Each structure stands twice: as C-alpha cells, then as structure tokens.
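For reference, the structure is listed below as structure tokens.
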Protein chains: 2
Amino acid sequence: MADQAGRRPRLTPERIAQAAVALADRDGIEALTIRALADELGTKPMTLYHHVDGKERLLDLMVDRIFAEMEAPREDLDWREAIIARCRSVRAVLVSHPWSVPLLESRTAPGPELLRHHEAMLAALDRGGLPLPLMAHGYAILDSFVFGFALEEATLPAQGGEGMAEVAQDIAAAFDADAYPQLVRLTVDHVMKPGYSFGSSFDVGLGMILDGLVAAAQRAATPASA
Amino acid sequence: MADQAGRRPRLTPERIAQAAVALADRDGIEALTIRALADELGTKPMTLYHHVDGKERLLDLMVDRIFAEMEAPREDLDWREAIIARCRSVRAVLVSHPWSVPLLESRTAPGPELLRHHEAMLAALDRGGLPLPLMAHGYAILDSFVFGFALEEATLPAQGGEGMAEVAQDIAAAFDADAYPQLVRLTVDHVMKPGYSFGSSFDVGLGMILDGLVAAAQRAATPASA
DNA sequence: GTTGCGCTTCGTACTAAGTACGCCTAGCGT
DNA sequence: ACGCTAGGCGTACTTAGTACGAAGCGCAAC
C-alpha cells in the first residue's frame with residue numbers, strides 16, 4: 001500500500017494518548033472516538049487496540065497525561081509559595097483542558113503521575129511543619145477546593161464580560177427575575193461590572209485555607225490553653 | 001394489547017427523570033439507557049421521546065432533581081449554621097448519588113432548582129453581613145470546596161477501614177513504595193489507623209473557609225489600618 | 001539466502017444504543 | 001358519528017466500540 005516506505009512512527013500508548021488529548025482539546029471530548037483518533041494518527045481503528053486495551057484504558061492514559069502537565073510543588077520554594085504555585089498550575093491545566101474535569105472523577109485508577117504529584121504535595125505540607133492529621137486535612141481540603149474551583153470554571157457558561165450579560169439575560173427571561181433578588185443584585189451590581197472575574201476568587205480561597213491550616217497548626221502546637 | 005384498561009400512569013418528564021435517577025442509583029449511570037429506562041417504566045423506548053427531548057435533556061432533568069434534594073440554607077438559622085447545614089446536605093446528597101457528580105459539571109443549563117439554591121445561599125451570606133464582593137468570593141469558594149470534596153469522595157476507591165488497606169497494598173505493589181515516603185507515612189501512620197475517616201476533613205475545611213470570610217469581612221469593615 | 005515466527009496492522013462484521021419516521025389507537029369536542 | 005390530536009410504539013437507520021481472524025513485515029536461526 002505504498003506506505004511511506006518503512007518509517008513507522010511506532011505507535012505507542014503515550015503517542016496515542018497524546019493525540020487523543022490533542023483531539024479532545026480541538027474538537028471536544030465527545031468527538032473523541034476510536035475512529036476519529038485512528039484517522040488523526042493515520043491508521044485504522046483496530047490498530048489502536050494493540051496498544052491500548054480499550055477506550056476506558058485510553059481515558060485513563062489521558063488523565064494521567066493531564067496530571068503530568070501539572071507542576072508539582074517545588075522543593076526549593078517556601079512551602080506556602082510552593083503550594084500556591086502548584087495549585088495555580090493545577091487550575092491552569094484544568095482550564096486548558098476543560099473536558100478533562102469530569103473525566104478526572106470517573107477514573108479511579110491512580111496513574112504514576114498522580115502518585116508523584118501526591119507525594120510532592122505531602123512533602124510541601126510536611127515542610128510547613130503540619131502534623132500528620134493536619135497534613136491529611138490540608139491535602140484533602142486544598143485539592144477539594146482546587147478541583148472544585150476548576151470544575152466550576154469549566155462549567156461556567158461565561159467567565160465574565162460580554163457573555164455574562166447574555167447568560168444573565170437568558171436566565172432572567174426564562175424565570176421570574178423578581179424571585180431571585182440576591183442573584184439579580186449580585187449579577188447587576190457586581191458580576192457585570194467591568195473588572196469582575198470569577199477567577200479572582202481562586203487566590204482568595206487558597207489564602208483562606210492556608211491561613212486556616214497555619215492557625216490550626218499553631219493551635220495544635222500549643223500544649224493546652226483556651 | 002390488553003393494556004391495563006385505561007389506567008395510564010401518565011408519563012411525565014418528572015416521573016421519567018425520577019425513574020432514571022432510581023435506575024442510576026441501582027445499576028450505575030452506565031446502565032442508564034433509554035431502552036432500560038423504558039423497560040423500567042413498562043413502556044417502549046420511543047414513547048419516552050414524547051416527554052423528554054432526548055438523552056441530554058433527560059440528564060438535565062436528573063441533575064435538577066439532584067439539586068432539588070439538597071436542603072437550601074434555612075432562613076431561621078444563624079447564617080453560619082444555615083450554611084454549614086446546607087453544605088452538609090449537599091455533600092450527603094452527592095454521596096448518595098455518586099454517579100451524579102461528573103454529570104453536574106457537564107451540564108451547563110441551570111434548572112430552576114439550581115437557581116432557587118443559589119438564591120438561598122446568597123441570602124444567607126447576605127445575612128452574615130458580607131459585602132457584595134465577599135459574597136461573590138464566599139459563594140464561589142464554598143461551592144468549589146463542597147463540590148470538590150464530594151467529587152473526591154465519590155472517586156475515592158475506599159473511604160477508610162478495610163478497603164483502604166487493600167488499595168494501599170495494590171499501590172505499593174504496583175509502584176515502588178520507597179519512592180513515595182510521605183504517601184507511605186501518611187497511609188500507614190494515619191489513614192490506616194482505626195478511626196480515620198476522609199470525611200472528617202469536610203467540617204474542618206468548611207470551618208476554615210467560614211472563618212476566613214468573617215475575618216475578611218472584618219478587615220473590609222475597618223476603614224484602614226494595618 | 002531462505003524460512004518461519006511473531007508483532008503489527010487492518011478488513012469485516014457484530015452489537016449496543018440513540019433516535020428519526022410514520023402508523024395506529026383512543027378520547028374528545030362539535 | 002366524525003375527524004382531530006396527543007400519546008404510544010414498531011421498524012429501521014446511524015454511530016461507535018470492539019471481537020475475530022487474515023495479511024504484511026522484520027529478524028533470527030538454519
């Protein structure tokens with residue numbers, strides 16, 4: 001079949017996962033079909049099955065690839081700075097692959113990248129001097145917040161600015177605006193003002209949680225006093 | 001066809017959505033097919049299309065049904081108590097319908113129940129005396145945390161106790177345990193101890209965020225001073 | 001150099017699931 | 001009584017995942 005004479009790009013699971021991520025970025029996750037992916041890679045559907053075990057496995061690989069893009073907390077920074085940088089990185093990655101957010105949950109199999117990530121995160125919390133129970137809490141709380149935030153961002157119809165007004169219009173039209181006074185007030189007097197950005201709440205929340213952890217650690221360190 | 005003589009249960013979108021939720025609870029979301037749902041309702045696939053516009057719409061309805069189960073903040077409680085109760089309720093609902101968490105994100109169309117919820121939540125924050133910008137932050141941060149937490153809970157292979165040990169075993173076996181000292185320490189010395197529960201971090205995180213909001217409000221109220 | 005083995009590659013085709021089309025029936029207002 | 005409309009459903013088309021087995025190609029031992 002006059003196939004580019006011998007030079008096979010050698011399909012590998014990684015290469016396939018990479019192409020799948022690119023395809024999802026470009027056309028959306030629902031456009032990611034085995035056939036489309038095969039086309040993209042210049043091969044045929046069934047060929048892919050010799051490298052990945054099925055679509056579920058492929059999704060697992062994609063998820064781990066997403067985790068690989070996230071910058072783990074650096075060891076050369078102050079623990080708090082390291083954690084903030086890491087959380088911002090996580091958010092940025094998730095925002096750049098919005099389709100991945102729902103995926104991250106449905107997959108339970110932790111890949112090596114995820115574990116590496118967990119480890120670095122725990123190490124940073126440890127450097128912060130948090131006792132073990134607080135490390136556990138801190139990690140759970142931080143990640144809940146970070147992923148939850150990214151999730152909301154990915155879902156939001158609009159992030160602010162023009163689109164926002166339209167959405168607000170639609171909602172107000174579809175339902176009785178008078179029934180939702182706070183919602184209206186928030187939208188008109190704050191969200192639709194120039195300069196508003198949903199994303200600005202991210203750093204605020206992050207700061208609150210870190211402050212809370214530090215305070216809790218101090219409280220724990222103090223032997224016993226009201 | 002000897003059809004129970006005249007007594008039609010009168011299919012409605014609500015009834016269908018309810019049956020769909022029940023089916024997803026029982027057999028998992030992947031078992032929710034139009035055909036299975038029709039069987040469950042004692043009808044045929046195409047009949048459903050006279051009441052819901054397609055599977056996407058059905059999922060929207062299901063999501064709004066989930067929101068309807070969540071207890072909105074009560075007006076007769078102290079604002080902080082009301083918010084805590086509401087957040088716990090949200091978490092409880094999501095945990096009881098774990099399949100719904102990934103769904104909540106992929107659907108962008110806000111249903112009436114969701115709006116009602118937002119409204120009540122904002123009202124509670126308002127009662128707390130938070131200025132508008134802090135209300136916006138507070139809501140974004142709280143919901144990010146609450147949904148993020150539920151999301152992690154829904155994903156977690158095990159919540160603690162027996163299952164945990166197995167999972168840890170698997171991970172340790174699959175990868176090099178020595179490469180993840182913090183992870184090992186956390187698992188062995190904390191997570192696998194009796195009494196550990198991932199869920200306990202929920203109230204802790206909630207408290208930190210609320211404390212942070214109150215502190216920020218106080219700071220905002222103070223004219224200007226370091 | 002030839003042959004054989006195994007890793008890829010892929011053509012074919014089956015299955016599951018969403019859903020368009022159009023017929024059929026029952027009830028109801030005129 | 002009649003036809004109109006809404007709801008129910010049989011049929012069949014389409015998309016997508018994937019099982020099965022044959023065809024192609026490189027390498028190692030003969």
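Values in this document were obtained by computation on a predicted structure and should not be read as measured data. Below, chains carry the letters A, B, ... as their sequence lines are ordered, and counting in each starts from 1.
Closest approach of A/K44 and A/A38 over heavy atoms only: C-CB, 3.5 Å. Taking both residues in full, the closest heavy atoms of B/T33 and B/K55 are given as CA-NZ, 4.2 Å, listed atom of the first, atom of the second, then distance.
Judged by distance alone, with hydrogens and angles left aside, the side-chain atoms of B/S200 form no donor-acceptor pair with the main-chain N or O of B/Y196 at under 3.5 Å. Panel note: side chain B/H97, backbone B/I66; no donor-acceptor pair is recorded below 3.5 Å. Side-chain N or O atoms of A/Q182 include none that pairs as donor or acceptor with a backbone N or O of B/A123 at under 3.5 Å.
As rounded to whole Å, 17 Å separates atom C1' of C/dT12 from atom CD1 of A/I34. Rounding to whole angstrom units, CG of residue A/L37 and P of C/dT9 are separated by 13 Å. Rounded to whole angstrom, the span from the CZ atom of B/R15 across to the P atom of D/dG7 amounts to 15 Å. Distance, B/R35 CZ to D/dT15 P: 15 Å, rounded to whole Å. Between the P atom of C/dA16 and the CG atom of B/D39 lies a distance of 14 Å, rounded to the nearest Å. With rounding to whole Å, A/L23 atom CG is found 12 Å from D/dA16 atom P.
Less than 4.0 Å separates DNA chain D from at least one heavy atom of each of the following residues of residues 41-58 of chain A: A/M46, A/Y49, A/G54, A/K55.
Note: A/Y139 and B/F198 fail the aromatic proximity criterion, with ring centroids not under 6.0 Å apart.
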